[in-house]
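Before any comments, here is the structure.
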Amino acid sequence: AAGVIQSPRHLIKEKRETATLKCYPIPRHDTVYWYQQGPGQDPQFLISFYEKMQSDKGSIPDRFSAQQFSDYHSELNMSSLELGDSALYFCASSSLGQSRGFYNEQFFGPGTRLTVL
Amino acid sequence: AQSVTQLDSQVPVFEEAPVELRCNYSSSVSVYLFWYVQYPNQGLQLLLKYLSGSTLVESINGFEAEFNKSQTSFHLRKPSVHISDTAEYFCAAANMDSNYQLIWGAGTKLIIKP
């Protein structure tokens, strides 16, 4: 079965550079979530999109932005990178639209490991 | 505000011994509960979930968890662990108040001693 795809899997950037992370949800999933997991920490919710509109916002820094495109893939854009941005970034997808108001299981991608030097 | 607490940051256990990873949650409304596993250098995988119905849920690899509403707990158990169970285990909760966003525990590293 198709899973959530994230690219790249690994990314190394210098301080103050920009990075773009991509997420391709499971086919027919309409909702995408982004999480940040720092070293030795639990995942922190950043932002989510439903039907190409932002649906929830968590602890996403102002230097970051994200969007969901017409094909439902999502991109997380990170600017002015700082050392503290080094983390594993997970994307998850779900089919929220099929039963709104109830929980829909989030399927996680393998993550993108971002290292800021 | 709702929260998920995993009191043990690490649990060392001998191979073939039983293990329990503790998870407590706070929620004023009906809650969905999950255990995710993260193997070294890998992504998060759903291990098992409680949505409704039977309070005892099982995974295909021998783990089980029991939803205990009175104790607000969802502890994860396995009667006999294997070296391949070495991983970090995250408990998570979601409900209407969180707009079904996952609220995560801090994680518990399961360390299997040979």
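One hydrophobic cluster, built from ILVMFWY side chains closer than 4.5 Å, cannot hold both A:L117 and A:M78; they sit in different ones. A:L46 and B:Y36 fall into different hydrophobic clusters, where Ile, Leu, Val, Met, Phe, Trp and Tyr residues are linked whenever their side-chain heavy atoms come under 4.5 Å apart, directly or through other members. By the rule that hydrophobic residues join a cluster once side-chain heavy atoms approach within less than 4.5 Å of another member, B:F34 and B:F67 end up as members of separate clusters. Cluster membership check: A:W34 does not share its hydrophobic cluster with A:Y24, using side-chain heavy-atom separations under 4.5 Å among Ile, Leu, Val, Met, Phe, Trp and Tyr. When the side chains of ILVMFWY residues are joined at heavy-atom separations under 4.5 Å, either directly or via intervening members, B:L46 and B:L76 end up in two distinct hydrophobic clusters.
A:Y33 places none of its side-chain heavy atoms less than 4.5 Å from the side chain of B:L102. You'll find the side chain of A:F90 reaches within 4.5 Å of the side chain of B:Q38, heavy atoms only.
No part of A:F107 comes within reach of chain B, as not one of its non-hydrogen atoms sits under 4.5 angstrom from that chain. Neither the backbone nor the side chain of A:Q44 comes within less than 4.5 Å of any heavy atom in chain B. Both the backbone and the side chain of A:P43 come within contact range of chain B, each with at least one heavy atom under 4.5 Å from a heavy atom of that chain.
Counting non-hydrogen atoms of neighbouring residues, nucleotides and ligands closer than 6.0 angstrom, the CD atom of B:E16 reaches no more than 12 such neighbours.
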Inset, instruction - Step by step, work out the side-chain contact (heavy atoms from CB on, under 4.5 Å) result for B:W104 and A:Q37. - result: CA-CA 11 Å; B:W104 297 88; A:Q37 186 181 27; over 6 Å; no

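Among all heavy-atom pairs drawn from A:F108 and B:L44, the shortest one is CB-O, 3.6 Å. In terms of heavy-atom proximity, B:Q42 sits nearest to A:L88 at O-CD2, 4.3 Å.
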